[in-house]
Amino acid sequence: MNCGSVEKNLALFLYGELSFDEEEAVHVHLDECEACRKALAAEKALHATVDRQELEPSPALLRQCRENLRVRLAEDLALAGMREEPRRSASLFGLFEGLAAVFAFPVARWAVPLGGLALLAVGFVSARLTAPVMSPQVARLASEPMSARVRYVEPDNQGRVQIVVDETRQRVLSGSIDDAQIRRLLLAAAKDPADGLRVETVGILNQRSAEADFRNALVHALQHDSNDGVRLKALSGLKMYAHEPDVRTVLAEVLLRDANPGIRGQAIDLLTQPRAAGAASDPKLAGVLQDILRQANDGYVRLRCERALEEMKASRETY
Amino acid sequence: MITLKGKGGAAQAVALNPASRSDESALIRAAQSGDAAAFEQLVRLYDQNVLRLALNLLRNPDDAQDVYQEAFLRVHRNLHSFRFDCSFHTWLYRIVTNLCLDHLRKRKVRKEEPTVLSTPDGPLDRMDTVQEERVDGDPQRHLFSRQLRVRVREILEQLTPRERMVFELRHFQGMRLRAIGETLGTTEEAAKNCLFRATQKMRAALGDFL
């Protein structure tokens, strides 16, 4: 590859979008050409400059978007309900007519209580089918519970129905991370089923990873979270503590068990980094690295293990 | 693929592991059957990145908010027709990028007021008033970084909507060119050419500052 084609490909080179062979050719050329190394440095400076221009949406803007979306969805549902109303009413009317025909059957004595129950059933079903139409005030819909689930229904002897509903309501809390309630909620959010919420929460916990409860939550996320993004974020929050025994134990476990090669790669980098005091003389780590060498297929992890064992003057295998 | 913000403003693409993929599929199926909580979870999985993309492309919080609303409303209205032929990410981003491209094209036609204004104190990026001002003790450096920001803004506005889009998706959202091509309904090669042109224009225009 000559200077012209290297310079042309520098951007793609930095983005990692060249083929293996092309990337190799760029590397070979860069080793020999100072002008192209300068061009690469300028390209990196361009990337760094552009990086600084990125806008991060403020939490207030995101919150406003989510709130507006909730209102628009409620409007949409209400409109969809109104469009469907004639069809549903017709089908309910047909159902009602059918039931009326059944109860017009001559056996009237047992038909009366049964008819009452049937009407209750119709009432319940129609309430479910026409729910959006029954709340025409869109603004009210937006302030209603985020989700509601019927847990229990029972007709009483006055012809009414008793329904037990689980409701989730939303309110906005704001406060310092030092506030006990905010901390408690953050720790709960770190275990929420919603992946996106956990990613955001772990990002906040990372800011105060020196504090024991937050650090424990990060360790828990790194060990148990099912989402790669959450685990990666938790790992970045624990970087500063890679020399501490409890964190090192978790990193070793991540190395052996995590399914994501990127996370395993970062874990081994942390475990073997020079500032991780005691790395060179950690017999437990040597054992872990030997285990990984036996089990791992990942080339990068194997390479780092071998190097670390060499530096520790430990053998590649246990005898 | 899901893109997550990485350190220093760069975004990193993170592949969903099989468990997360099946979680996402379960969420989509639940949302398709009318589960509002599942739909909300699905929105939260992606909405921050969608908003970031719209804000960075359109450089206007109101327009970004419009794109956010319209994109997720379209997802809600059409989710029943999503057949898992492509990833949900690709499907969602196809909607978002089309909306953003429409905004950018309309803007070019209307010749809207640029985001960079001339003032007696020098050029001013209107987004400076939206973003939190970074504290910089050195006034010289502050001025330089403001000029640089304005210059980058001007160059970004000069790129074609497609070049802008490809650059944004690759540089800030960390998407691979193949995925960008799939999202924009074009080839990887065409996306590569767009990226190449965009970076070339930026390099030429920013040469004095680097």
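Keep in mind that the numbers below use all heavy atoms, side chains included, and drop hydrogens, waters and symmetry copies. Numbered from 1 within each chain, the chains take letters A, B, ... in sequence-line order.
- The closest side-chain heavy-atom distance from B:His76 to A:Arg72 is not below 4.5 Å.
- When each of A:Gly16, A:Ala48, A:Gly203 is checked for heavy-atom pairs under 4.5 Å with chain B, A:Gly16 comes out on top.
- In this structure, A:Arg66 and B:Glu40 have side chains that are not in contact, with every pair of non-hydrogen atoms separated by 4.5 Å or more.
- Contact of B:Arg77 with chain A is made through the side chain alone, with heavy-atom distances under 4.5 Å.
- Within the model, atoms OG1 of B:Thr199 and CG of A:Leu14 stand 10.0 Å from one another, a figure rounded to the nearest 0.5 Å.
- Between A:Asp195 and B:Leu27 the shortest side-chain heavy-atom distance does not fall below 4.5 Å.
- Contacts with chain A were tallied for B:Gln41, B:Lys192, B:Arg170; B:Arg170 has the most, counting heavy-atom pairs under 4.5 Å.
- When heavy atoms are compared at a cutoff of 4.5 Å, A:Arg198 does not approach chain B at all.
- Heavy atoms of A:Leu73 lying under 4.5 Å from chain B belong to its backbone as well as its side chain.
- In this structure the side chain of B:Asp47 never reaches within 4.5 angstrom of the side chain of A:Cys65, judged on heavy atoms.
- One finds the CD atom of B:Gln173 at 8.0 Å from the CD atom of A:Glu54 (value rounded to the nearest 0.5 Å).
- Contact check for B:Gln48 versus A:Glu56: side-chain heavy atoms found under the 4.5 Å cut-off.
- Only the side chain of B:Leu195 comes within contact range of chain A, with heavy atoms under 4.5 Å apart.
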